[in-house]
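Residue numbering restarts at 1 for every chain, and letters A, B, ... go by the order of the sequence lines.
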2 protein chains.
Amino acid sequence: MPEPATRSRRPTPSPRSRPSRRAARSGVTGTRARLFHAAAADFAARGFAGANVDRIARAARVNKAMIYYHFRSKSALYREILGEMFRAVSSRVRGVADAGASPEEKLRGFIDAIAAEAQARPHFPPIWFREIAEGGTHVDEATLRDIAAIVGMLAAIIREGVAAGRFQPVDPLLVHGGIVGPILLFFASARLRARIEQAGARNAAHITADEVVAHVHRVTLAVLQGRVS
Amino acid sequence: MPEPATRSRRPTPSPRSRPSRRAARSGVTGTRARLFHAAAADFAARGFAGANVDRIARAARVNKAMIYYHFRSKSALYREILGEMFRAVSSRVRGVADAGASPEEKLRGFIDAIAAEAQARPHFPPIWFREIAEGGTHVDEATLRDIAAIVGMLAAIIREGVAAGRFQPVDPLLVHGGIVGPILLFFASARLRARIEQAGARNAAHITADEVVAHVHRVTLAVLQGRVS
DNA sequence: GTCTATAAATAGATAGAC
DNA sequence: GTCTATCTATTTATAGAC
């Protein structure tokens, strides 16, 4: 991985102000956004190392050099995709946690938030699975905080329910794993399940996202309400 | 990815009879086995594309050319690692499913089998997460059957429990996700959780593998015994 | 079975014109 | 902001001696 530390690219636009008024008005979706989405798809399908800037540029119907103009490097592009994903998830979760609702409703909202993000961004579950496997090598500090905040907000919801005498005190990480594990697994494994079904196995039942989410709702509530064990 | 289709390597030993009596007697663990383990570690940490045959050979303290002598190619080596992993899991699960025990015990055994394999082979959860994300691109037919068999055996256990009037009929894929999702997530995320804890977050509780497995036991049984919802 | 080159291709990154 | 051409390092894979 080349990419020297010494760099100072793109003088004019600031790092966060994305679709400049020009770009937004110009093409169909803007070069930058097209690159962003094409890259997310390639990273999801092939991983960081497997993704390829030539292919990303081609898929975005954009010149390869634009990647280095709009982003610093392949890995900076990847980090931005990661960051955007977790900013979206954590802000959605925050909306739920801040809403004035019962602990039960907040818990349901938390689950729905994870599921909604996973469904709205098809590249989120695969990329996240890969990043977990890689130990978060590419995750920067800001994103790490977003991730920690997600678990933190779940912990707060649980505490609130316990304080209200409606939840049993259960380790937040246990609850988190019971929610995020099955949901991400379901969305990330779509392609593989299709392959398994096709290849002889008739037993691979067709479950829908709604069924998975509903199941996680029931199980998680049962756990926190002490109806399990 | 080069690796032409035309090839016919290693005439003498058959594809499955690994540690030839010579190799087994010779070095500390045998060149082939050392390559196998070093490769599993690299594939787990960096993914298929990110892994590197030079680094694998170096880690195994073996000449790089040995990879191509003992295995056909990088991807053949990877496929063999995948295959070995799932052969081990499915055969362990089969042992449980075939044992004469109550449905409840078999279910517990299934969960323990997954957890035991994940714990015994640290590279299994990360590699599996990545392969899921990749849609099973590298999974060959035989391995696909092993994977399908694992779900199939869980389905059989559930059916047996239902027939005995002790389980509610719940979709096997839902049950499978509730078991495998949390367990794999826990083991695969060890490195990342360490990073999150270290980086300011004091909320990241320390849970152990035993706690996760015990929790999955309780939840799964509760689901199948109709104590949820 | 093992090792030393080395071929051959790929891929990240950049310079510089427009 | 965008495109062409190209540099350079990396990497899979193999030939061939021992």
Side-chain angles (χ1 to χ4, degrees), chain A residues 1-13 17-35 39 42-43 46-79 138, chain B residues 1-13 17-35 39 42-43 46-79 138:
Chain A
M1 208 192 305
E3 182 199 354
T6 327
R7 200 80 56 74
S8 58
R9 187 118 321 249
R10 212 159 56 111
T12 328
S17 66
R18 254 21 167 305
S20 71
R21 338 352 123 267
R22 300 196 73 186
R25 224 178 303 125
S26 70
V28 185
T29 324
T31 300
R32 192 191 158 85
R34 294 238 300 284
L35 280 172
D42 215 38
F43 285 131
R46 302 167 192 261
F48 174 73
N52 173 295
V53 291
D54 280 279
R55 187 170 41 228
I56 290 171
R58 210 176 325 124
R61 299 193 312 280
V62 157
N63 190 281
K64 175 173 58 155
M66 288 293 92
I67 290 180
Y68 297 91
Y69 174 76
H70 285 288
F71 309 89
R72 303 178 87 63
S73 63
K74 178 185 176 182
S75 69
L77 167 56
Y78 181 68
R79 276 195 300 276
H138 307 275
Chain B
M1 210 191 303
E3 185 204 350
T6 326
R7 200 81 56 74
S8 57
R9 186 120 321 248
R10 212 159 56 110
T12 326
S17 65
R18 255 23 179 288
S20 70
R21 329 31 97 260
R22 301 195 72 185
R25 223 177 304 123
S26 70
V28 184
T29 324
T31 300
R32 191 191 157 86
R34 294 238 299 284
L35 281 172
D42 215 38
F43 285 131
R46 303 167 192 261
F48 174 74
N52 173 297
V53 292
D54 279 280
R55 187 170 41 228
I56 291 171
R58 210 178 323 124
R61 300 195 312 281
V62 157
N63 190 280
K64 177 175 53 157
M66 288 293 91
I67 290 180
Y68 298 92
Y69 174 75
H70 285 289
F71 310 89
R72 305 179 86 63
S73 63
K74 178 185 175 182
S75 68
L77 167 56
Y78 180 69
R79 275 195 302 274
H138 307 275

Can you check the Arg34(B) CZ to dT2(C) C1' distance for me, whole Å?
13 Å

Check every atom of dT11(D), dA13(C), dA13(D) against the side chain of Asn52(B) and return the nucleotide holding the closest atom.
dT11(D)

Row check, Phe43(B) ring normal vs Lys74(B) NZ/CZ: under 6.0 Å, within 45°:
no

Please give me the minimum heavy-atom distance between Arg79(A) and His138(A), naming the atom from each residue.
CG-O, 3.1 Å

Between P on dA9(C) and NZ on Lys74(B), what's the gap in Å once rounded to a whole number?
18 Å

Parallel, tilted or perpendicular for Tyr78(B) and Phe48(B), by the 30°/60° rule?
tilted

Provide, to the nearest angstrom, the distance between the CD1 atom belonging to Ile67(A) and the P atom belonging to dA15(C).
17 Å

Side-chain heavy-atom pair Ile67(A), Ile56(A) within 4.5 angstrom cut-off
yes

Test of understanding: with side-chain contact (heavy atoms from CB on, under 4.5 Å), list the residues that count as partners of Ala49(B), not counting sequence neighbours.
Ala49(A)

Nearest-angstrom distance from the residue atom OH of Tyr69(B) to P of dC18(D):
19 Å

Specify the separation, in whole Å, of atom CZ of Arg46(A) and atom C1' of dG12(C).
17 Å

Nearest whole Å is fine: how far is dT12(D) P from Asp54(B) CG?
7 Å

Partner set under side-chain contact (heavy atoms from CB on, under 4.5 Å) for Arg46(A), not counting sequence neighbours:
Asp42(A), Arg55(A)

Phosphate contact (dG12(C) OP1 or OP2) by Ser73(A) side-chain N/O below 4.0 Å:
no

Just to be sure I understand the rule, does Ala51(B) reach a base, reach only the sugar-phosphate, or reach nothing, if contact means heavy atoms closer than 4.0 Å?
sugar-phosphate

What is the separation between atom CZ on Arg58(B) and atom P on dT12(D), rounded to the nearest whole Å?
11 Å

Heavy-atom nearest pair, His70(B) first then Leu35(B), reads CD2-CD1, 4.4 Å

Measure from CZ on Arg55(A) to C1' on dA9(C) and round the result to the nearest Å.
15 Å

Hey, does the side chain of Thr31(A) come within less than 4.0 Å of dG1(D)'s phosphate (OP1/OP2), counting only N and O?
no

Considering just the side-chain nitrogens and oxygens of Tyr68(B), establish if one lies under 4.0 Å of OP1 or OP2 belonging to dA13(D).
yes

Atom pairs, protein N/O to nucleotides 3-6 of chain C N/O, distance under 3.5 Å:
from, atom 1, to, atom 2, distance (Å)
dC3(C), OP2, Asn63(B), N, 3.3
dT4(C), OP2, Asn63(B), ND2, 3.4

